[in-house]
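So that the names make sense, note that chain A is the first sequence line, chain B the second, and so on, each numbered from 1.
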2 protein chains.
Amino acid sequence: MSRLNLTTQRKAILDLVQSCEDHPTAAEIMERLRMKGHQFAYGTVYNSLRYLTDAGLIRELKLGETASRYDGRTEDHYHIVCKKCGRVDEVLSAPPAEWIREVAAKTNYDVHHSQVVFEGVCYSCKHPNA
Amino acid sequence: MSRLNLTTQRKAILDLVQSCEDHPTAAEIMERLRMKGHQFAYGTVYNSLRYLTDAGLIRELKLGETASRYDGRTEDHYHIVCKKCGRVDEVLSAPPAEWIREVAAKTNYDVHHSQVVFEGVCYSCKHPNA
DNA sequence: ATTAAATTTATACTAAGTCTAAATACTATT
DNA sequence: AATAGTATTTAGACTTAGTATAAATTTAAT
């Protein structure tokens, strides 16, 4: 665990991810950086995303698609994906502690963390006329 | 929805996945088929796995690794991954319905399904001496 | 037997990400 | 300020997992 070292590139990428309302992939992040006048090497973007993730400044989301997405929100939270339009929203309710305890007891694991991805249909897709 | 068509290849792959205690990747499935004397084309294995998944006979697990894993258990269940050794176990307790209702209410989604992956440390890794 | 449809095969291709070696940028010490 | 040492960036080759395609084969239906 060494000291945090935010280079120009890492800072720009952190700022960008934090400013996003959505959850961009690495490719989308590169595209948005380019639109802001930044032109970083391919590998630098991946390296920086990993660095920032390891440092706990951003989160990597693996939602079952081929590419990871990134999230500037670092609080513990989950996601819900719309099957119809692909939209991803935040889920702020945590799974009940009672359930986690039950899982730990039944599996004999120390449970550190859980990733939850809900799938369903979002409000807009339910009401396409509105 | 057409009728189920289990070709020789699909049957062999289904049998193999159902006989597994673990959750093999496509590459591991190919390897195990080869050891049993089957030699199917690369693409056939992927096609068959998708076919069997779509037919609901097996499940595709996306546990956040680079490759999908496959599971012969079709009942609704979840998984727990050991951070130390990578081992994957089944979790049979479902998330409480109350929590799902809360999530649906807060997000305005119709929630159809949830994928849950727990991370932690398994019994063997906790007690390495035993 | 003949045609049509579905499936398998071999192989080319794609997407997402890692690895490597050289170039560049920082840091600390004198 | 010069030097040495470490860290980072860059460009591009490479890897892995999976998809796409077109020809060959199998299966099913007349």
Side-chain angles (χ1 to χ4, degrees), chain A residues 1-17 20 22-34 36-55 57-71 81 86 88 117, chain B residues 1-17 20 22-34 36-55 57-71 81 86 88 117:
Chain A
M1 282 272 161
S2 57
R3 219 176 58 68
L4 189 65
N5 176 7
L6 283 187
T7 63
T8 314
Q9 289 83 347
R10 288 172 184 168
K11 187 67 173 58
I13 291 168
L14 175 59
D15 286 350
L16 187 127
V17 173
C20 290
D22 59 350
H23 308 84
T25 62
E28 286 164 352
I29 289 167
M30 282 182 234
E31 173 58 21
R32 294 179 196 182
L33 287 168
R34 210 172 299 119
K36 292 198 159 193
H38 294 296
Q39 184 66 285
F40 305 142
Y42 192 78
T44 300
V45 176
Y46 278 103
N47 276 343
S48 302
L49 288 170
R50 179 157 33 174
Y51 180 91
L52 296 168
T53 302
D54 289 348
L57 299 174
I58 64 174
R59 289 194 156 218
E60 181 181 9
L61 308 181
K62 296 184 173 180
L63 303 178
E65 301 163 293
T66 54
S68 285
R69 297 187 169 275
Y70 294 88
D71 193 338
V81 181
V88 178
V117 182
Chain B
M1 284 273 161
S2 57
R3 220 176 56 69
L4 190 65
N5 177 7
L6 284 187
T7 62
T8 314
Q9 288 84 346
R10 289 172 184 167
K11 187 67 173 57
I13 291 168
L14 175 60
D15 286 350
L16 187 127
V17 173
C20 290
D22 58 351
H23 308 85
T25 62
E28 286 164 352
I29 289 167
M30 282 182 234
E31 173 59 20
R32 295 180 195 181
L33 286 168
R34 208 172 301 119
K36 292 198 159 194
H38 294 296
Q39 184 67 284
F40 305 144
Y42 192 79
T44 300
V45 176
Y46 278 103
N47 277 343
S48 302
L49 287 170
R50 179 157 35 174
Y51 179 92
L52 296 169
T53 301
D54 289 348
L57 299 174
I58 63 174
R59 289 195 158 217
E60 181 181 8
L61 307 181
K62 297 184 173 181
L63 302 178
E65 300 163 293
T66 54
S68 286
R69 297 187 169 275
Y70 294 87
D71 192 337
V81 181
V88 177
V117 183

Exercise for review: Give the first and the last nucleotide of DNA chain C, reading 5' to 3', that has any atom under 4.0 Å from a heavy atom of chain A.
Suggested key: C/dA16 to C/dT18

Practice item. Using a 4.5 Å cut-off on heavy atoms from C-beta on, say whether the side chain of B/Tyr70 contacts that of B/Leu52. Key: no

Point to revise | Exercise: identify the closest heavy-atom pair between B/Ala12 and B/Leu33 | key: O-CD2, 4.1 Å

Check your understanding: Sequence neighbours excluded, which residues qualify as salt bridge (charged side-chain N to carboxylate O under 4.0 Å, His left out) partners of A/Arg10?
Key -> none

Practice item. For A/Thr25, report the nucleic acid contact type (base, sugar-phosphate, nothing); a contact means any heavy atom under 4.0 Å. Key: nothing

Exercise for review: Please identify each residue that fulfils side-chain hydrogen bond (donor to acceptor under 3.5 Å, both in side chains) with A/Lys62, with sequence neighbours left out.
Suggested key: none

Check your understanding: For residues 58-67 of chain A, which residues have at least one heavy atom under 4.0 Å from DNA chain D?
Key -> none

Practice item. Specify the separation, in whole Å, of atom CG of B/Leu4 and atom P of D/dT27. Key: 16 Å

Check your understanding: How about A/Tyr51 and A/Leu4: do any of their side-chain heavy atoms sit closer than 4.5 Å?
Key -> yes

Check your understanding: Among B/Lys36, B/Lys11, B/Met30, B/Glu28, which residue meets the side-chain contact (heavy atoms from CB on, under 4.5 Å) test with B/Leu16?
Key -> B/Lys36

Check your understanding: Between A/Asp22 and A/Arg32, is a salt bridge (Lys or Arg N to Asp or Glu O under 4.0 Å) present by the stated rule, with each step listed?
Key -> CA-CA 12 Å; A/Asp22 59 350; A/Arg32 294 179 196 182; 2.9 Å; yes

Check your understanding: Can you tell me how far P of D/dA29 sits from CZ of B/Arg3, to the nearest Å?
Key -> 8 Å

Review point. Got a sec, which residues hit side-chain hydrogen bond (donor to acceptor under 3.5 Å, both in side chains) with B/Arg50, two or more places apart in sequence or on another chain?
Key: none

Study note, to complete from the structure: For B/Ala26 and B/Val45, the nearest pair of non-hydrogen atoms, with its separation, is O-CG1, 4.4 Å

Point to revise | Heavy-atom closest contact (B/Ala67 atom, B/Thr25 atom, distance) | key: CB-CG2, 4.1 Å

Review point. Tell me, for nucleotides 5-15 of chain D in 5' to 3' order, what letter each nucleotide earns: B for a base near a protein heavy atom under 4.0 Å, S for only sugar-phosphate near one, - for neither?
Key: --SSSB-----

